[in-house]
Engineer: 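Please read through the structure below; I'll follow up with questions.
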There are 2 protein chains.
Amino acid sequence: MTIKSEINLNSPSSEYLSHLSIDCVVFGFHENQLKVLLLESNFFEEWALPGGFVRHKETLEEAATRILQERTGVDEIFLTQFRVFSDPERKNPGFKPDSMQKAGISMENFDWLNQRFLSVGFYALIEFSKVNPQPDLYSSKCEWKNVEEVCSLMMDHNEILEAALETLRLQLRYQPIGYNLLPEKFTMPELQKLYETILGRELDRRNFQRKILSYKIVKRLPERRTGVAYKAPYLYSFDLDVYNRALTDGLSGDW
Amino acid sequence: MTIKSEINLNSPSSEYLSHLSIDCVVFGFHENQLKVLLLESNFFEEWALPGGFVRHKETLEEAATRILQERTGVDEIFLTQFRVFSDPERKNPGFKPDSMQKAGISMENFDWLNQRFLSVGFYALIEFSKVNPQPDLYSSKCEWKNVEEVCSLMMDHNEILEAALETLRLQLRYQPIGYNLLPEKFTMPELQKLYETILGRELDRRNFQRKILSYKIVKRLPERRTGVAYKAPYLYSFDLDVYNRALTDGLSGDW
DNA sequence: CCAAAAGTGTTCGCATTACACCCATGT
DNA sequence: ACATGGGTGTAATGCGAACACTTTTGG
């Protein structure tokens with residue numbers, strides 16, 4: 001079992017803070033659907049959020065960025081913490097002695113992994129197309145899943161995902177969103193669909209457009225999207241100056 | 001130095017999670033001013049937020065409640081976590097070998113206390129008059145301080161306080177506030193002053209009243225406040241049914 | 001020419017804003 | 001009587017919600 005040393009499950013407590021982990025909820029948007037990045041553990045055949053442990057000399061934010069990179073190959077992502085999950089009973093139900101032995105993990109690592117963990121939830125919004133998800137050595141797969149169709153996840157990861165979504169919805173009330181989720185150029189209906197997906201309800205086309213335009217965070221381009229089986233929609237792109245100002249100053253919006 | 005064992009600074013790592021602490025920002029409202037509950041350390045002559053460590057078998061929320069009780073005597077408070085502060089350099093500048101020795105703390109405790117700590121920030125709103133702040137054995141004083149006049153605090157506690165205030169302001173946008181901060185009966189100008197203090201700006205008397213009343217979260221009582229040097233204002237009290245519903249469903253309000 | 005989707009404008013009602021007058025109380 | 005602060009009403013404005021017609025495109 002050389003894999004054990006490669007993936008550094010041995011004596012991790014010297015390198016990492018004990019009792020504290022990080023889980024990342026990474027959202028993307030593709031084909032008009034909100035996606036979340038998940039890993040399938042090759043030990044326990046369960047899907048999970050990409051997570052990991054915190055080193056002694058890094059902030060949580062640095063740790064989250066590193067963990068996401070190590071576990072999924074996704075790089076240069078701005079992650080935001082949103083809550084700590086601290087149920088004393090939260091531990092991996094897959095971390096049972098027999099399954100650990102099957103996976104070739106020794107009992108001393110089991111002790112460490114089976115102790116209590118608090119986990120800090122982070123979330124990020126990233127542009128789907130810029131990402132090439134790569135599973136790490138712990139995982140057999142790394143894939144985007146539709147948020148609406150996520151199966152049962154490891155530990156309390158479903159709860160963490162739900163909480164991240166809720167945070168996203170709140171954020172929508174007073175911050176612009178989309179720059180990190182949509183490609184450089186996009187259509188108004190695409191942006192609208194993003195809002196609708198996050199909010200979980202439909203919005204009026206015309207009112208949506210008027211409102212978004214009133215914020216001035218998007219500019220209409222002279223081009224249109226071609227090759228569609230109906231009237232060609234205009235393309236838009238974000239006006240980063242205004243967008244970033246809105247990020248800090250907030251919007252009045254009431255969705 | 002018997003105090004050492006009484007206050008349990010010896011070998012705390014067996015009882016508590018290492019590397020992780022909690023700090024509580026407790027807001028009150030009195031004489032038309034927003035207050036925060038602070039302790040003065042009797043070791044280091046610095047003011048600090050009430051904080052402490054997490055036990056192995058409790059959630060963060062349970063820990064925060066316990067810590068607040070132990071350190072200030074304040075009981076039955078609902079605390080909400082709002083952020084983790086994780087700068088690796090955040091440690092107590094007062095925890096220096098000489099000041100530790102002066103305080104009669106041995107070097108082995110110093111090692112533990114001088115290690116890196118992450119801290120989870122919690123905040124709470126409580127009714128000023130229901131509280132009798134009592135410093136614990138670590139502290140010489142436990143007092144309410146005007147939020148606007150808080151001096152330089154231990155470690156990064158000023159930053160934590162600022163972040164809590166910011167959270168409070170955001171919360172005001174979509175949740176009712178005041179039930180935990182005001183006495184049973186209060187006047188409309190008092191409620192308004194609370195909002196103004198949190199928001200840091202003045203509001204129009206008449207518009208404020210109309211808006212609050214439109215939410216139906218307060219009921220006007222038949223009584224008025226007497227003994228004031230001007231027209232006696234009506235008393236109000238919260239309608240808990242509506243108030244609690246608004247807590248979960250949110251308000252439309254745009255302050 | 002028709003279905004599907006996009007572009008555009010108008011009306012209505014409510015909420016926010018700004019503002020003015022009267023009332024009660026203690027000095 | 002008067003200064004201070006509280007109670008109430010109204011007009012103007014702006015924003016969100018609801019809604020209909022026209023235009024473009026591929027089939």
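Just the heavy atoms: all of them, side chains too, but no hydrogens, waters or symmetry mates, feed the values below. Every value quoted in this text rests on a predicted model; they were computed, and no experiment measured them. Letters A, B, ... are given to chains in the order of the sequence lines, protein chains preceding strands, and every chain is numbered from 1.
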Engineer: Is the gap between the ring centers of A/Tyr195 and A/Phe208 under 6.0 Å?
Structural biologist: yes
Engineer: Does the structure place the NZ or CZ of A/Arg71 under 6.0 Å from the centre of the six-membered ring of A/Tyr138, at an angle of no more than 45° from the ring's axis?
Structural biologist: yes
Engineer: Do B/Ser119 and B/Ser21 have a side chain donor and acceptor closer than 3.5 Å?
Structural biologist: yes
Engineer: In whole angstroms, how far is the P atom of C/dA18 from the CZ atom of B/Arg210?
Structural biologist: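 Going from B/Arg210 (CZ) to C/dA18 (P), I get 12 Å.
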Engineer: Without decimals, in angstroms, what is the distance between B/Asn207 CG and D/dT13 P?
Structural biologist: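 The distance from CG of B/Asn207 to P of D/dT13 comes to 16 Å, rounded to the nearest Å.
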Engineer: Using heavy-atom distances to pick each residue's nearest nucleotide on DNA chain C, tell me which of B/Arg224 and A/Gln209 is more 5'.
Structural biologist: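 Per heavy-atom nearest nucleotide, the more 5' residue is A/Gln209.
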Engineer: Expressed in angstrom and rounded to an integer, what is the separation of B/Ile212 atom CD1 from C/dT16 atom P?
Structural biologist: 11 Å
Engineer: Quick check on DNA chain C: between B/Ser214 and B/Asp204, whose nearest nucleotide comes earlier from the 5' end?
Structural biologist: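 Mapping each residue to its closest nucleotide by heavy atoms, the 5'-most match is B/Ser214.
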Engineer: Just the rounded figure in Å: distance from P of D/dA17 to CG of A/Leu203.
Structural biologist: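 Roughly 9 Å, once rounded to whole Å.
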Engineer: With nearest nucleotides of DNA chain D determined for A/Ala232 and A/Arg206 from heavy-atom distances, which residue corresponds to the more 5′ nucleotide?
Structural biologist: A/Arg206
Engineer: Would you please confirm or rule out a distance under 4.0 Å between OP1 or OP2 of D/dC15 and any side-chain N or O of A/Lys211?
Structural biologist: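 Indeed not, no polar side-chain atom of A/Lys211 lies that close.
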Engineer: Would you kindly give the CZ-to-C1' distance between A/Arg225 and C/dA5, to the nearest whole Å?
Structural biologist: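 Rounding to the nearest Å, CZ of A/Arg225 and C1' of C/dA5 are 14 Å apart.
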Engineer: Would you indicate which nucleotide in D/dG9, C/dG26, C/dA6 comes nearest to any side-chain atom of B/Ala229?
Structural biologist: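 Selected nucleotide (nearest to the side chain): C/dG26.
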Engineer: How long is the line joining NZ of A/Lys193 and C1' of C/dA5, in whole Å?
Structural biologist: 13 Å
Engineer: Does a side-chain N or O from A/Lys231 land closer than 4.0 Å to OP1 or OP2 of C/dA4, or not?
Structural biologist: no
Engineer: In this structure, how many angstroms lie between the C1' atom of D/dA17 and the CZ atom of A/Arg201, rounded?
Structural biologist: 11 Å
Engineer: Going by the ring-ring contact (aromatic ring centres under 6.0 Å, His included) test, name the single residue among B/Tyr179, B/Tyr215, B/Tyr236 that passes it with B/Tyr243.
Structural biologist: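 With B/Tyr243 as partner, ring-ring contact (aromatic ring centres under 6.0 Å, His included) holds for just one option, B/Tyr179.
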Engineer: Roughly how many Å is it from CE in A/Met188 to P in C/dG7, rounded to a whole number?
Structural biologist: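 Distance, rounded to whole Å: 8 Å.
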Engineer: With nearest nucleotides of DNA chain D determined for A/Arg205 and A/Gly227 from heavy-atom distances, which residue corresponds to the more 5′ nucleotide?
Structural biologist: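 Its nearest nucleotide lies further toward 5', so the answer is A/Arg205.
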Engineer: Look at A/Arg220 and C/dT8 and indicate whether a side-chain polar atom (N or O) is within less than 4.0 Å of OP1 or OP2.
Structural biologist: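 So the side-chain polar atoms of A/Arg220 do come within 4.0 Å of the phosphate oxygens OP1 or OP2 of C/dT8, strictly under.
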Engineer: Compare every heavy atom of B/Leu68 with every heavy atom of B/Pro50, then report the nearest pair and how far apart it is.
Structural biologist: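 Shortest heavy-atom separation between B/Pro50 and B/Leu68 comes out as CG-CD1, 4.0 Å.
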